[in-house]
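Every chain is numbered from 1 and lettered A, B, ... according to where its sequence line falls, protein lines coming before strand lines.
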Amino acid sequence: MPVIDLNWTAFLASVLVVSTPFLLAALGELVVERAGVLNLGVEGMMITGAAAGIVVAIETGSPWAGFLCAALGGLGLGLVFALLTQGLQSNQVATGLGLTLFGLGFSALLAQGYVGVPAPTIGGPDLGPLRDVPILGPALFARDWVVYLGLLAALGVWLYLFRTRSGLILRAVGEGHDAAHALGYRVRATRVAAIAFGGAMAGLAGGYLTLVRVPSWTDGMTAGAGWIALAIVVFGGWRPGRVLLGAWLFGGAQALQLRLQAAQVPVPVELLSMSPYLITIAVLVAISVRRRAGGAAPACLGQPFRAGA
Amino acid sequence: MKTLLLAGAAALLPLATLAQSAGDDPLKVGFIYVGPVGDGGWTYEHDQGRLALEEALGDGVETTFVESVPEGADAERVIQQMALTGHDLIFTTSFGFMDATANVAEQFPDVTFEHATGYKRADNVGTYSARFYEGRAVIGHIAGHMTETGKIGYIASYPIPEVIRGINAAYLAASEVNPDVEFSVVWLYTWFDPAQEADAARALIEQGVDVIMQHTDSTAPMTAAEEAGIVAFGQASDMAAAGPTAQLTAIIDDWAPYYIRRAEEVRDGTWTSEDTWEGIAEGMVELAPFSDRIPEEVRASAQALADGIAAGEVHPFTGPIARQDGTPWLAEGETADDETLAGMNFYVEGIEGDIPD
């Protein structure tokens, strides 16, 4: 057995970086699905955000303006989704898939002429002495702002969903929209707001790809990350804490297999890269076997709501 | 029966077929791409070839393309759709389209197909590829001179002969000038995923690699090299925009002359199924201008190597070469034959690690 000669600090650091876009997009989609809407357009919103982010960041020279516009780009596409599915009652699955395709094309158009141009990138907070902790310090406390924003967002989403009245209403809308409507809650407005939030988070996730992780633009560069985010929501059983774990697991598996290969550790590459998906399938099976309220999908997920129907 | 089915399918596409019914039709040429045309690498260069074809044949040609087509079953549907919509010639530009191309070609004997980097031919299917390994030998030579840590990182896509051949060619040339050089190969199992490609580059850099080579399609590894202040080689296209200081040179694929020649042959009715494999000599493989970061004498020796390959005086695979397990492959002075190169599935001696199945 060869000694595994890995740079663990760099590995931990890269887990945080690799998992951040998954986490941001998955948290957004988690709120959307908790409100009873299935948005398969995450990939499209993500890549729209990625393109908007880098174009604005390069033009203004400010990565923060880039992140803001990445979120706005995702939010914009989210509002289109909301208009179509909530306003015009179109089918959620078809609309989401359509917007993913639209986003892929639209982003390529938007970022034409920016292919391969390096983006200005952001720094991180100065966490002082924490950075000097051996191994963990440089890995955990010397990251960029958005990594910490993602962790705060996980906490924030949990607090909102389970500790506020508004979060309770949002969940009620997702579990039984007719009942929520009968109680006088505004089902459609709640859902539109949730979709807007989900779109902005997906856009932010895309911006993280073009402004931190790569950091430059190439057509189609999300390459399925939005779909992984959707899988993580299911994996996490629609709970923010578990979604965070899921993002780390998916990101960790990806970061680990690349590093094991680079360190010339003989590993079955194919097995490691498909392991998160295998675990997701296993979790799905476990959920459907148990069918307990805590683990199952929101009852109205993907169902259209018509007042008075 | 088959024709009946096809007629039925064609009837479903009245607009597309009607447009083709007029007399003097321009030659209709379709391209199937594995990545987006804006990838800045492999697919970008194929699309440059398509644009050059339009330029050269003017009104005599009409081209279409479908980008980001997944390899596998979906590809067959897309190629079939192209064949149904009146295309005379279809280029399928990735190794993984091989079976799909062969299957569709069997159903459409009147349509001509050209498949890049594969080996399955038929009366209406030709294959073509470039001798990228010639370019790999040149960049390997430069890398061997440039590395200070003695570690070269190689971002590989799929373990297919073309990729393995490139690793071997680069390693042989690098170890010739620097016998202690080590190659770290990372397999990504994708041609295109910028985020993963960038991560792979970073993982390699963490391991002490100071020169990066890639056999994936995006500019992300080049961006990561630029960021880390190390050097890298562009793949398929000039990637200097992504790595203005990092790029030492790039292997550039120039498909334009081939696309123009084959399209003209189809137009004139002289096309026959062939296996084309051209390299530096024919201009299908080019090298981007050498960076000033390369010492002048290395630039000169690299140019001499490229010229020698073009003139047929040097072959990147010249014995003595043993396989990784130590068994002899090429004797002193012997050069590899094309058949072995085309099916290469082993590392040469000195490369560490296993090729995944």
Quiz item: When you look at A:Leu258 and B:Leu188, which way does the side chain to side chain contact (heavy atoms under 4.5 Å, CB included) test go after all the steps?
Solution: CA-CA 8 Å; A:Leu258 291 177; B:Leu188 292 191; 3.2 Å; yes
Quiz item: Counting N and O atoms only, with roles assigned by atom type, does the side chain of B:Glu206 sit under 3.5 Å from a partner on the main chain of A:Thr9, one being a donor and the other an acceptor?
Solution: no
Quiz prompt | Which atom of B:Ala220 lies closest to which atom of A:Val214, heavy atoms considered | solution = CB-CG1, 3.7 Å
Quiz item: What do the steps show when you test B:Phe192 against A:Thr218 for side chain to side chain contact (heavy atoms under 4.5 Å, CB included), and what is the final call?
Solution: CA-CA 10 Å; B:Phe192 178 82; A:Thr218 316; 3.6 Å; yes
Exercise. Under 4.5 Å, counting heavy-atom pairs only, tell me which of B:Ser184, B:Gly153, B:Gly40, B:Ser68 racks up the most with chain A.
Key: B:Ser184
Quiz item: With only heavy atoms counted, which part of B:Ala198 is less than 4.5 Å from chain A, the side chain, the backbone, both or neither?
Solution: side chain
Quiz prompt | Per-residue contact mode, A:Pro21 against chain B (heavy atom under 4.5 angstrom) | solution = neither
Quiz item: What's the verdict on salt bridge (Lys or Arg N to Asp or Glu O under 4.0 Å) for A:Arg213 and B:Asp199, showing C-alpha distance, side-chain angles and the deciding distance?
Solution: CA-CA 8 Å; A:Arg213 209 171 139 202; B:Asp199 287 343; 2.4 Å; yes
Practice problem: Taking all non-hydrogen atoms of both residues into account, name the closest pair between B:Pro36 and A:Gly220 and its distance. | Solution: CG-N, 4.4 Å
Practice problem: Report yes or no: does A:Gln261 contribute a side-chain atom to a donor-acceptor pair with the main-chain N or O of B:Trp187 at less than 3.5 Å? | Solution: yes
Quiz prompt | Side chain / backbone / both / neither for B:Val185 at chain A, heavy atoms under 4.5 Å | solution = backbone
Self-check item: Residues, nucleotides or ligands: over 12 heavy atoms within 6.0 Å of B:Tyr44 OH
Solution: no
Quiz prompt | chain B contact via A:Gln112 - which portion, at a heavy-atom distance below 4.5 Å | solution = neither
Self-check item: Toward chain B, the part of A:Ala10 with a non-hydrogen atom under 4.5 Å
Solution: both
Practice problem: Work out which heavy atom in B:Ala195 is nearest to a heavy atom in A:Leu209; give both atom names and the distance. | Solution: CB-CD2, 3.9 Å
Quiz item: Would you call B:Glu227 and A:Pro215 a side-chain contact if the rule is heavy atoms closer than 4.5 Å?
Solution: yes
Quiz item: Taking side chain as C-beta onward, heavy atoms only, is A:Gln257 less than 4.5 Å from B:Gln196?
Solution: yes
